[in-house]
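To start, the structure under review is shown below, and the notes come after it.
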Amino acid sequence: MKIYLSGAIRGGRELQKVYYIIYEHLKTKEIIVLTYHVALPNVIEIEDALSDSKIYNQDISWLKECDAVIAETSVPSLGVGYEISYALHILRKPVLCVYEQKRAPISAMISGNSSQSLIIYSYRDISDLLRHIDNFLDFLQS
Ligand code: 6IA
């Protein structure tokens with residue numbers, strides 16, 4: 001299974017360690033994470049070497065390739081919001097949004113979206129986060 005992991009880059013890197021935990025967790029389940037760079041600590045420096053249009057075109061192509069999107073939405077990010085909407089409404093793919101409970105409320109444009117393919121959970125701690133992710137993976141495989 002191929003997952004598009006979405007998390008804030010220019011929106012702010014304060015949850016990079018959480019993105020890395022999600023990435024490592026998915027890897028233990030032999031899932032291909034198309035966007036592993038989201039989890040890298042030095043993504044911003046590497047990013048400087050790529051043009052924005054190359055980044056955009058590559059990400060759209062990974063969105064088309066993935067089976068589903070997992071978006072960590074605690075840190076508000078234009079790119080993450082765009083990817084969620086593109087996956088849901090253009091590509092009709094399932095999307096899981098997870099965010100830290102203490103960051104609630106997230107944008108109403110996510111929490112108010114009643115699309116059947118969108119699952120949204122807040123989490124208290126990392127074990128709670130990974131449980132939501134595992135439930136989503138079970139749902140995808142059912
Ligand atoms: O607005 P933001 O930058 O916070 O948007 C973050 C989202 O946009 C992430 O979920 C990514 O999928 C996407 N994104 C932003 N910058 C990049 C990027 N930079 N590469 C791929 N996707 C990106 C170059 C990184 C380099 C290590 C290859």
Side-chain angles (χ1 to χ4, degrees), residues 1-126 128-141:
M1 186 187 301
K2 292 179 186 173
I3 292 288
Y4 189 105
L5 175 62
S6 179
I9 295 183
R10 292 185 189 167
R13 295 297 286 160
E14 56 263 46
L15 286 197
Q16 175 267 324
K17 287 189 176 138
V18 173
Y19 309 152
Y20 193 79
I21 289 169
I22 298 173
Y23 163 64
E24 286 280 294
H25 183 70
L26 294 172
K27 260 195 356 182
T28 65
K29 299 185 172 287
E30 295 184 9
I31 284 167
I32 298 168
V33 181
L34 296 169
T35 52
Y36 66 91
H37 52 269
V38 165
L40 295 177
N42 60 341
V43 66
I44 298 277
E45 295 134 51
I46 307 170
E47 188 186 42
D48 285 344
L50 285 176
S51 71
D52 285 8
S53 67
K54 276 210 171 112
I55 292 171
Y56 178 84
N57 288 323
Q58 176 64 80
D59 283 351
I60 294 296
S61 135
W62 278 326
L63 278 169
K64 289 178 179 163
E65 187 181 339
C66 75
D67 297 299
V69 173
I70 295 179
E72 212 296 348
T73 56
S74 302
V75 177
S77 153
L78 283 172
V80 172
Y82 186 94
E83 288 162 353
I84 292 167
S85 177
Y86 198 95
L88 273 180
H89 300 298
I90 308 280
L91 301 173
R92 312 242 165 237
K93 300 209 176 178
V95 177
L96 171 69
C97 289
V98 282
Y99 64 94
E100 290 180 328
Q101 219 161 64
K102 64 184 180 208
R103 307 255 183 168
I106 57 167
S107 169
M109 293 306 288
I110 302 299
S111 57
N113 186 325
S114 60
S115 167
Q116 296 286 310
S117 308
L118 176 64
I119 298 169
I120 304 171
Y121 282 118
S122 63
Y123 61 89
R124 285 181 306 275
D125 52 30
I126 295 297
D128 204 19
L129 164 66
L130 299 183
R131 191 172 52 79
H132 291 315
I133 288 174
D134 287 347
N135 288 344
F136 181 62
L137 296 175
D138 287 346
F139 159 76
L140 293 176
Q141 275 154 354

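In listed order, ligands and their atoms are each counted from 1. Starting from 1, each residue takes its place in the sequence as its number.
- For ligand 1, the atoms lying closer than 4.0 Å to a non-hydrogen atom of Ile55 are 16 (N), 17 (C), 18 (C), 19 (N), 20 (N), 21 (C), 22 (N), 23 (C), 24 (C).
- Remark: ligand 1 atoms within the under-4.0 Å shell around heavy atoms of Ile9 are 2 (P), 3 (O), 4 (O), 6 (C), 14 (N), 15 (C), 16 (N), 17 (C), 23 (C).
- In terms of polar-atom proximity, Arg10 is counted as a contact of ligand 1, with an N or O under 3.5 Å from an N or O of the ligand.
- Counting only residues at least two apart or in different chains, side chain to side chain donor-acceptor pair (under 3.5 Å) contacts with residues 82-99 comprise Tyr4-Glu83, Ser6-Glu83, Tyr56-Tyr82, His89-Asn113.
- Residue Tyr4 approaches ligand 1 through these ligand atoms, each under 4.0 Å from one of its heavy atoms: 12 (O).
- The atoms of ligand 1 that sit less than 4.0 Å from any heavy atom of Val43 are 25 (C), 27 (C).
- Between the side chain of Gln16 and the main chain of Ala39, a donor-acceptor pair closer than 3.5 Å is present.
- Of the heavy atoms in His37, only side-chain atoms (C-beta onward) come closer than 4.0 Å to ligand 1.
- Considering Asp59, Leu40, Leu63 only, the shortest heavy-atom separation from atom 14 (N) of ligand 1 involves Asp59.
- Interatomic distance, CD1 of Ile22 versus CG of Leu129, reported as 4.5 Å (0.5 Å rounding).
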Tabulate below the donor-acceptor pairs under 3.5 Å that side-chain atoms of residues 67-74 make, not counting sequence neighbours, or state none.
from: Asp67; atom 1: OD2; to: Lys2; atom 2: N; distance (Å): 2.7
from: Glu72; atom 1: OE1; to: Ser74; atom 2: N; distance (Å): 2.8
from: Glu72; atom 1: OE1; to: Ser74; atom 2: OG; distance (Å): 3.1
from: Glu72; atom 1: OE2; to: Ser74; atom 2: OG; distance (Å): 2.8
from: Glu72; atom 1: OE2; to: Tyr123; atom 2: OH; distance (Å): 2.4
from: Thr73; atom 1: OG1; to: Val98; atom 2: O; distance (Å): 3.3
from: Ser74; atom 1: OG; to: Glu100; atom 2: N; distance (Å): 2.9

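- Counting heavy atoms only, Gly7 comes closest to atom 6 (C) of ligand 1 of the residues Gly11, Gly7, Ala71.
- Using cut-offs of 30° and 60° for the angle between ring planes, the Tyr23 and Tyr36 rings count as tilted.
- Below 4.0 Å from some heavy atom of Ala8 lie the following atoms of ligand 1, by number and element: 4 (O).
- Residue Leu50 approaches ligand 1 through these ligand atoms, each under 4.0 Å from one of its heavy atoms: 24 (C), 28 (C).
- Without hydrogens or angle criteria, Ser51 side chain to Lys54 main chain gives a donor-acceptor distance under 3.5 Å.
- In this structure, Tyr20 contributes its side chain and Pro41 its backbone to no donor-acceptor pair below 3.5 Å.
- Counting atoms of ligand 1 from 1 in the listed order, those under 4.0 Å from a heavy atom of Ser6 are 10 (O).
- Contacts of Glu83 with ligand 1, taken as heavy-atom pairs under 4.0 Å, involve the side chain alone.
- Salt-bridge annotation for Arg10 and Asp52: present, with a side-chain N of the basic residue lying under 4.0 Å from a carboxylate O of the acidic one.
- Residue Ser77 approaches ligand 1 through these ligand atoms, each under 4.0 Å from one of its heavy atoms: 1 (O), 2 (P), 4 (O), 5 (O), 6 (C).
- A salt bridge links Arg131 with Asp128: the distance from a Lys NZ or Arg NE/NH1/NH2 to an Asp or Glu carboxylate oxygen falls below 4.0 Å.
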